[in-house]
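Worksheet: the structure to be examined is printed underneath.
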Amino acid sequence: MHEEIDANFLADLFNRIAILLEIKGEDRFKINAYRRVAESLEKETRDIFELYREGKLMEIPGVGKAIAQKISEILESGKLEFYQRLTSEIPEKLIYLREVPEMGPKRIKAVWEKLGIDSVDKLEQAARQGKLRDLPGFGPKVEQKILDAILAIKERRLNRRFPLGEGWKLSELVTGRLSRCNGVVMSSPAGSLRRMKDTIGDLDILVAAKTEAADEVIRAFTELDMVEEVMLSGPTKTSVRFKDDLQCDLRIVEPSRWGTALQYFTGSQQHNVLLREVALKNNLSLSEYAVTDKASGREIVCASEGEVYRILGMSWIPPEIREGTIEIKLALKDGLPRLVELGDIKGDLQMHSTYSDGRRSIREMAEKALLLGRSYMLVTDHSQGLGVARGLSIERLRNQWREIDKLNEEFEGKLVILKGAEVEVKADGTLDYPDDVLGQLDVVVASIHSSLRQDKDRLTERYLKAVTHPLVHILAHPTGRLFGVREGANADWDIIFNAAASCKTFLEINAHPSRLDLSERHIRQAHALGCRFVVSTDAHDLHEEDYMIFGVSQARRAWLEARDIVNTLPLKEFMAQLKR
DNA sequence: GCCGTTTTCGGCCCGACTGTTTTCAGTCG
């Protein structure tokens with residue numbers, strides 16, 4: 001009935017409600033309640049209509065009677081009276097002003113009431129005319145900051161997110177440089193990078209150093225080549241903007257307080273709020289500096305994160321799932337799953353060589369795989385039709401098999417190289433090698449590179465042909481998304497994942513940082529429908545074999561365990577899982 | 001608005017930094 005309404009739609013709505021209530025000056029706890037529900041809804045992959053029909057809306061973390069009723073009203077009527085009333089008081093348009101830094105609820109209310117400003121354009125105009133500086137809570141500096149920020153937004157330099165892989169590289173550069181400063185004991189990325197979100201909004205770096213060493217660290221940080229501008233700088237906290245417009249925050253703490261600091265700085269914010277509530281219930285107060293006994297005022301200093309969680313009566317929570325949903329509740333009763341770990345991965349199931357578009361020989365790729373402790377690898381050069389990637393004719397494919405046979409003899413079982421291919425699914429859904437060739441491969445990986453813009457029904461049909469094909473074992477980078485290049489394909493994933501589950505076709509979690517496909521959300525969705533997965537690097541060069549960590553992290557963010565991922569199995573057991 | 005092995009009512013995270021203040025409000029994370 002109301003096709004466009006789903007969990008994401010509701011999350012967006014509740015976020016908007018939170019902003020409007022803020023401007024209205026409502027109780028901050030009520031506002032937080034809406035924010036919390038919005039976050040839960042973003043994680044929710046069960047069908048919202050089904051939850052409603054089964055009376056299970058209140059199973060969503062943070063949803064109580066009032067919000068359950070509001071969700072019901074929307075699902076039934078497509079409307080929400082509460083929202084209509086709210087927006088008749090506070091114009092909906094004001095929400096966009098929230099995207100301008102320095103513009104919080106108080107200032108938005110001020111410009112709206114005093115100057116009738118309800119859009120970013122009007123705000124810019126007023127700032128140019130010097131009309132903002134005289135409002136209470138404003139001044140010439142704030143006015144200038146707002147003007148600069150609006151300009152940055154218009155040039156798309158602000159509110160941009162960066163792929164995890166880029167953040168990772170930069171964080172290694174920064175921590176590498178800072179750890180060479182005198183007195184630095186430890187350094188680590190924190191924030192969304194440590195939680196391994198597929199994109200990051202800013203880069204958070206934490207350094208443990210003696211107080212007297214802080215000056216040198218801050219200097220080294222602000223003088224990094226890639227720094228464009230120092231945004232703010234205090235004794236323990238410094239923020240800069242890099243030349244590529246990524247913002248980077250540095251915090252420096254005493255080594256003895258590393259545990260609480262790392263916990264705090266890793267977030268997420270919602271996770272911290274809930275964690276600190278647990279502390280209060282135990283008559284403790286948690287900050288980035290210590291756990292404090294409220295009764296005696298005594299500080300309990302934590303050098304490790306494990307201590308923080310232990311003092312609060314729960315097991316340590318992996319950063320990837322610190323999103324403020326149900327992880328704290330489970331940790332309190334020691335009920336967290338054992339998430340899949342990098343070390344669980346036994347084989348890499350998508351790797352390219354110089355036969356197609358890879359830059360290294362099979363031997364070189366294999367030697368690196370062995371070094372990484374893998375016990376098997378699947379060579380998946382492109383099939384003949386993919387000209388841009390120098391796809392293999394059947395004849396060249398057979399040559400490759402002979403080389404693989406020879407290499408396997410050499411490696412004497414220490415590493416087993418499997419024969420595979422990344423077979424193109426053509427626009428009509430047929431595969432790029434005939435069945436008799438596919439049948440001779442150890443593992444068949446199917447993927448779609450072209451015509452991703454087909455209409456939804458045709459594309460879904462094409463995917464279905466691929467995942468239901470009796471000789472296809474794995475669907476590679478299913479949605480085809482490429483950060484900064486294209487969104488994932490628009491297909492009916494429920495139908496495709498259902499088919500994959502029933503045909504025992506595995507879904508790839510492509511670990512390459514330009515892809516991370518499936519995304520966390522799609523992994524959750526597919527997992528709920530009974531799919532199993534593989535994590536593969538899609539390596540085209542030696543260093544890319546190290547990308548496995550990125551894929552494993554997405555699996556962890558989706559709460560997957562080793563048993564959900566087939567290439568955690570030793571070779572024999574893995575092969576036994578393949579459909580025949 | 002949510003939530004509960006100390007509560008169904010009375011709580012609800014905590015601190016850094018800046019700018020506008022003259023002791024603190026606003027924003028941010």
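We name chains A, B, ... by the order of the sequence lines, and we start the count at 1 in each one.
- Residues meeting the ring pair (Phe, Tyr, Trp, His ring centres under 6.0 Å) test with Phe550(A), sequence neighbours left out: Trp168(A), Tyr547(A).
- Comparing Phe29(A) and Lys70(A) against DNA chain B, the residue whose closest nucleotide sits nearer the 5' end is Lys70(A).
- When rounded to the nearest whole Å, the span between NZ of Lys281(A) and C1' of dC13(B) equals 12 Å.
- A salt bridge does not link Glu124(A) with Lys131(A): none of the charged nitrogens is closer than 4.0 Å to a carboxylate oxygen.
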Under 3.5 Å donor-acceptor pairs involving side-chain atoms of residues 246-267 of chain A, not counting sequence neighbours:
from	atom 1	to	atom 2	distance (Å)
Gln247(A)	NE2	Asp249(A)	OD1	3.0
Asp249(A)	OD1	Ser239(A)	OG	2.7
Arg251(A)	NH2	Glu288(A)	OE2	3.0
Arg257(A)	NH1	Tyr289(A)	O	2.9
Arg257(A)	NH1	Glu299(A)	OE1	3.4
Arg257(A)	NH2	Glu299(A)	OE1	3.3
Thr260(A)	OG1	Arg257(A)	O	3.2
Thr260(A)	OG1	Glu288(A)	O	3.0
Thr260(A)	OG1	Tyr289(A)	O	3.4
Gln263(A)	NE2	Asn272(A)	OD1	3.0
Gln263(A)	NE2	Tyr309(A)	OH	3.3
Thr266(A)	OG1	Arg194(A)	NH1	2.8
Thr266(A)	OG1	Leu262(A)	O	2.6

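- Take Lys169(A) and apply the side chain to side chain contact (heavy atoms under 4.5 Å, CB included) test, not counting sequence neighbours, and it matches no residue.
- A salt bridge links Glu22(A) and Arg98(A); the closest N-O separation between the charged side-chain nitrogens and carboxylate oxygens is under 4.0 Å.
- Here dC3(B) presents its P atom at 11 Å from CD1 of Ile60(A), a figure rounded to the nearest Å.
- Following rounding to the nearest Å, Leu86(A) (CG) and dG1(B) (P) show an atom-to-atom distance of 11 Å.
- Comparing dT20(B), dG1(B), dC17(B) by their nearest atom to the side chain of Lys237(A) picks out dC17(B).
- Applying the Watson-Crick and G-U wobble criteria (two distances, each under 3.5 Å), dA16(B) pairs with dT27(B).
- Glu102(A) pairs by the side-chain hydrogen bond (donor to acceptor under 3.5 Å, both in side chains) definition with nothing, not counting sequence neighbours.
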Atom pairs under 3.5 Å, N or O on each side, protein against nucleotides 23-27 of chain B: can you list them with distances?
from	atom 1	to	atom 2	distance (Å)
dT27(B)	OP1	Gly104(A)	N	2.8
dT27(B)	OP1	Gly104(A)	O	3.2
dT27(B)	OP1	Arg107(A)	N	3.1
dT27(B)	OP2	Lys106(A)	N	3.4

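- Between the CD1 atom of Ile328(A) and the C1' atom of dG4(B) there is a distance of 16 Å, given to the nearest Å.
- For the residue pair Gln125(A) / Asp121(A), no side-chain donor-acceptor distance below 3.5 Å is found, with atom types taken as modelled.
- Position along DNA chain B of the nearest nucleotide to Arg28(A) versus Pro61(A) favours Pro61(A) as the more 5'-ward residue.
- By the ring pair (Phe, Tyr, Trp, His ring centres under 6.0 Å) test, His271(A) is found to be paired with no residue, residues two or more places apart in sequence or in another chain being considered.
- Distance from the side chain of Val142(A) is smallest to dG19(B) among dG1(B), dG15(B), dG19(B).
- Side-chain N/O atoms of Lys30(A) include one lying less than 4.0 angstrom from OP1 or OP2 on dG1(B).
- For the C1' atoms, the distance from dC2(B) to dT7(B) is 14 Å, rounded to whole Å.
- Judged by the 6.0 Å distance and 45° axis criteria, Arg515(A) is not positioned over the aromatic ring of Phe483(A).
- Distance CD1 (Ile146(A)) to P (dT18(B)): 17 Å, rounded to an integer number of Å.
- The pair Arg557(A)-Glu520(A) meets the salt-bridge criterion, with a side-chain N (NZ, NE, NH1 or NH2) lying under 4.0 Å from an Asp/Glu carboxylate O.
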Given side-chain hydrogen bond (donor to acceptor under 3.5 Å, both in side chains), test Thr199(A) with Arg161(A) step by step and report yes or no.
CA-CA 6 Å; Thr199(A) 62; Arg161(A) 295 191 69 83; 2.8 Å; yes
Between side-chain atoms of residues 113-120 of chain A and protein atoms elsewhere (two or more places apart, or another chain), which donor-acceptor pairs fall under 3.5 Å?
from	atom 1	to	atom 2	distance (Å)
Asp118(A)	OD1	Lys122(A)	NZ	2.9
Ser119(A)	OG	Lys122(A)	N	3.1

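- Contact check of residues 185-205 of chain A against DNA chain B (heavy atom, cut-off under 4.0 Å) returns no residues at all.
- Residue contacts shown for Lys141(A) are limited to sugar-phosphate atoms, with no base heavy atom under 4.0 Å away.
- No engagement by Leu275(A) is indicated, since no non-hydrogen atom pair under 4.0 Å with the nucleic acid exists.
- Taken residue by residue, residues 243-274 of chain A places heavy atoms nearer than 4.0 Å to DNA chain B at Arg251(A), Tyr264(A), Gln269(A), Val273(A).
- Dashed line: the shortest gap from a side-chain N or O of Ser285(A) to OP1 or OP2 of dC13(B) is not under 4.0 Å.
- Of the residues in residues 288-302 of chain A, those placing a heavy atom less than 4.0 Å from an atom of DNA chain B are Glu288(A), Tyr289(A), in numerical order.
- Side chains of Gln525(A) and Trp493(A): a donor-acceptor N/O pair is absent below 3.5 angstrom, by distance only.
- Take Pro91(A) and apply the side chain to side chain contact (heavy atoms under 4.5 Å, CB included) test, not counting sequence neighbours, and it matches Leu94(A), Trp112(A).
- Base orientation of dT6(B): anti, the glycosidic angle falling outside 90° of 0.
- Of the N and O atoms on the side chains of Thr238(A) and Ser233(A), at least one donor lies less than 3.5 Å from an acceptor on the other residue.
- Residue Pro235(A) is classed as a sugar-phosphate contact, given heavy-atom separations below 4.0 Å to backbone atoms only.
- Within 4.0 Å of Thr236(A), counting heavy atoms only, lie sugar-phosphate atoms of the nucleic acid but no base atom.
- Between the CD atom of Glu73(A) and the P atom of dG1(B) there is a distance of 13 Å, rounded to whole Å.
- In this structure, CD of Glu143(A) is placed 14 Å from P of dG19(B), rounded to the nearest angstrom.
- The residues Arg85(A) and Glu89(A) are annotated as not salt-bridged, no charged nitrogen and carboxylate oxygen being separated by less than 4.0 angstrom.
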Using the side-chain contact (heavy atoms from CB on, under 4.5 Å) rule, take Asn8(A) and Leu41(A) through it: C-alpha gap first, then chi angles, then the decisive distance, then the call.
CA-CA 7 Å; Asn8(A) 275 329; Leu41(A) 283 167; over 6 Å; no
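- For the pair Met58(A) CE and dG1(B) C1', the computed distance is 11 Å after rounding to whole Å.
- Out of dG15(B), dT20(B), dC17(B), the shortest distance to the side chain of Leu232(A) is found at dC17(B).
- Side-chain contact, Glu307(A) with Ser304(A): a donor N or O sits under 3.5 Å from an acceptor N or O.
- Proximity of residues 31-47 of chain A to DNA chain B (heavy atom under 4.0 angstrom from any strand atom) is restricted to Ala33(A), Tyr34(A).
- The C1' atoms of dG11(B) and dA16(B) are separated by 26 Å, rounded to the nearest whole Å.
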